[in-house]
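Every chain is numbered from 1 and lettered A, B, ... according to where its sequence line falls, protein lines coming before strand lines.
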Protein chains: 2
Amino acid sequence: MKVTIYDVAKEAGVSISTVSRVINNTGRISEKTRKKVLKVMETLHYQPSMVASALTGKRTRTIGLIIPDVANPFFAEIARKVEDRGRELGFNVLMCNTDNNPETEEMYLSLLKQKSVDGIIIGTTTKNYTVLNELLHEHFPIAFIAQDIPELAIDVVRVDDFLGGYQAVSHLVSLGHKKIAIMLGNLNRTSDKDRLQAYRQVLQENGLEYDERLVIYTDYSMEAGKRAAFELLRSPQKPTAIFACFDSLAVGVYQAAKEMGLCIPEDLSVVGFDNTILATIVDPPLTTVAQPIDEMGRQVVDLIIREIEGEKNMKQRVILPPELIVRHSTKQL
Amino acid sequence: MKVTIYDVAKEAGVSISTVSRVINNTGRISEKTRKKVLKVMETLHYQPSMVASALTGKRTRTIGLIIPDVANPFFAEIARKVEDRGRELGFNVLMCNTDNNPETEEMYLSLLKQKSVDGIIIGTTTKNYTVLNELLHEHFPIAFIAQDIPELAIDVVRVDDFLGGYQAVSHLVSLGHKKIAIMLGNLNRTSDKDRLQAYRQVLQENGLEYDERLVIYTDYSMEAGKRAAFELLRSPQKPTAIFACFDSLAVGVYQAAKEMGLCIPEDLSVVGFDNTILATIVDPPLTTVAQPIDEMGRQVVDLIIREIEGEKNMKQRVILPPELIVRHSTKQL
DNA sequence: GTTGTAAGAGAAAGCGCTTACTCAAACCAA
DNA sequence: TTGGTTTGAGTAAGCGCTTTCTCTTACAAC
């Protein structure tokens, strides 16, 4: 029932090696034989089994994509771009959501290896390095997107988080804000660390006081943003502006503000980060730091595929510039 | 370098079939031997190659998911649920975006088969049945989610679109609206057809005139929704309410209304469909028909896996009830 | 007419597993 | 003790490909 290379060979009156050669376009084949085999393949609806060819040393042409959550627009957009570029280059993507759970991540890492994917793109916060280090040692192709581990020589494609944070906070300062809060995820993400670093530096450069109570650690969900915003806005050190390190957090801020009867940007300025679709549909449209998601997705795929093809032997970090998109959630104080 | 079943066998002083038996927990193995083999596997960090075992007739434990676009929140949420349930049951998902392009879809269908995925879940509008029919004939496990082809006996999990449309339009009518527009995708999707059908029926039941000019065909993007809304709202037959068949279209309506200086719900009532995250973050929160995405994702996976495991031989349609979620985008006329 | 070389294609050995078949040892009832 | 069962484990034949080697022709050069 399933037609194999043997069926084609028999039907065409040649050996399976000849068929294999015309499939892969290798070796020498007379035009006549090639035509004949091609025609038989056609009439028999023959499709080579990728499982079999993977077993004989060829690629699976599949890459794993490990992210926290596709339902999060930022990662959904990344996933889309990765898949697009992968398709262009003949690779499929196996999607893995971990919710940043280290065990899930570790499980996936070894599962993907078992499944012989050709490479793995990681967009999650990794803390547990055991499996990761193993893979790295075996020179398993791995690349990080929107995520970095400074202590390791690895392939990375990310935005310049420090610069992005700098732009965001500078913007608020230039509007006259003095009490600026920052909401971020955990400091395991270097991106968050860099943005916080920028925040401190801008404050310092402008002679503003750094108040720890205005630095809120949370996760990346809207609910978390909302909760954190409530806390901030009800505290005595109520800020006049908030730099939310993800658009999703910013949306949470919007919701809290609305429930408290505060107007954005009149009563509160908000800057987000990522420039996902959320930024444009929220009212007022969110001023945010754009990550070049398209370019990032494209470049990680290119990077990892070059690694897979063995075309490069040196790891590299690609740091792309962010861009502050000023919309209507920020206002002169 | 790569450790295989042979290495384990040699190290443990047994044959490879014994190792295979302990891996798969089949046949009879003495406790002593099993322990010994297990220990060797452990110390050697042995992981069976799934490619090899797939070649010998076992499953790949991978399912393909074909959707229009993960960057669309509705499909992102579906993808997430599918992956979650798949993981629980030991299956990975290969993500495929087609933008509803028939060629891309056909390409993926045959590619997925070549890659020997165990089953395929489809959420796209299929028009081209050739490859699909082939697969169906070969009893290749296929299930549809949020998508149906009434002419075919297939596995389907979807919401009751007629009922959903009925609820949405009835709600608007009950608020006193008489000029109600409907915005939908193309009529190839049965879901759209059913919603339109419901729209007509509600109008009729309430003695309202059916005006073709209030029926707008578009695609599912925000931009399309915006364009369509502009057109409607500037036309002489300007409606007082719009039933947008996707939340994303509804968001487009919001944007158009805002640019035209119209207030929702004072000047225009809007009902969406899907109840994606968009509905809650838009201002005012969108009244919409909720699809039970969690349940749908869970059930397609269960359905297809039962099919894969050969536990069922009859196709079935699972039609889940929608729920009208009244928020603040609709108002008594 | 030899010899040398290149072109075209087949034979066969894997790739890392699963599984049907086989067989020796151990056990048990009569 | 004998014959019949279990039990535990090995042998070997694939699964559907790729690829190295080998071999036969054909043809050009001398």
Strictly below 4.0 Å: does Ser20(B) bring a side-chain N or O up to OP1 or OP2 of dT18(C)? yes

Just call it for Val51(B): base, sugar-phosphate, or nothing, with non-hydrogen atoms closer than 4.0 Å on any strand. nothing

Separation of atom NZ in Lys115(A) from atom C1' in dG16(C), rounded to whole Å: 17 Å

Name the closest nucleotide to the Asn24(B) side chain, picking from dC21(D), dC17(C), dT18(C). dT18(C)

Nearest whole angstrom, please: distance from the C1' of dG16(D) to the NZ of Lys113(B). 14 Å

Starting at the 5' end of DNA chain D and moving along, which residue's nearest nucleotide shows up first, Ser15(B) or Gly57(B)? Ser15(B)

If you look at every heavy atom in Tyr220(A) and Asn100(A), which pair is closest and at what distance? CE2-ND2, 3.9 Å

When all nucleic acid strands are considered with a 4.0 Å heavy-atom cut-off, which category describes Ser17(B): base, sugar-phosphate, or nothing? base

The residue among Thr125(B), Asn97(B), Thr124(B) that forms side-chain hydrogen bond (donor to acceptor under 3.5 Å, both in side chains) with Glu105(B) is Thr124(B)

What is the separation between atom CG on Leu55(B) and atom P on dG14(C), rounded to the nearest whole Å? 17 Å

Short side-chain N/O contact from Ser49(B) to OP1 or OP2 of dG16(C), under 4.0 Å: no

Within 6.0 angstrom of Glu151(A) CD, more than 12 heavy atoms from elsewhere: yes

side-chain N/O Ser30(A) vs dA9(C) OP1/OP2, d < 4.0 Å: yes

Quick one: which of Arg317(A), Arg306(A), Lys312(A) gives a salt bridge (Lys or Arg N to Asp or Glu O under 4.0 Å) with Asp155(A)? Lys312(A)

Any side-chain N or O of Tyr6(A) below 4.0 angstrom from OP1/OP2 of dG14(D)? no

Atom pair distance, as rounded to whole Å: CD1 in Ile16(B) and C1' in dT19(C): 10 Å

Among the nucleotides dC17(D), dA9(C), dC17(C), which one has an atom lying closest to any side-chain atom of Pro48(B)? dC17(C)

What is the separation between atom CG on Asn25(B) and atom C1' on dG8(D), rounded to the nearest whole Å? 15 Å

OP1 or OP2 of dG8(D) sitting under 4.0 Å from any side-chain N/O of Arg28(B)? no

Pick the closest DNA chain C nucleotide for Tyr46(B) and for Ile29(A) by heavy atoms, then say which residue is nearer the 5' end. Ile29(A)

To the nearest angstrom, how far is Arg59(B) atom CZ from dC17(C) atom C1'? 16 Å

Let's see if you can work this out: which of dC17(C), dG16(D), dG10(D) has an atom nearest to the side-chain heavy atoms of Ala52(A)? dG16(D)

Using whole Å, what does the distance between atom P of nucleotide dG8(D) and atom NZ of Lys35(B) come to? 14 Å

Work out which heavy atom in Lys2(A) is nearest to a heavy atom in Asp7(A); give both atom names and the distance. O-OD2, 3.7 Å

Is there a donor N/O on one and an acceptor N/O on the other, under 3.5 Å, for the side chain of Arg34(B) and the base of dG8(D)? no

Counting the atoms with a prime plus P, OP1 and OP2 as sugar-phosphate, which does Thr33(A) contact under 4.0 Å by heavy atoms, base, sugar-phosphate, or nothing? sugar-phosphate

Which of the following nucleotides, dG10(D), dA9(C), dC17(C), is nearest to the side chain of Thr18(A)? dA9(C)

Under a 3.5 Å distance rule, please check whether Asp99(A) uses its side chain to pair with a backbone N or O of Asn101(A) as donor and acceptor. no

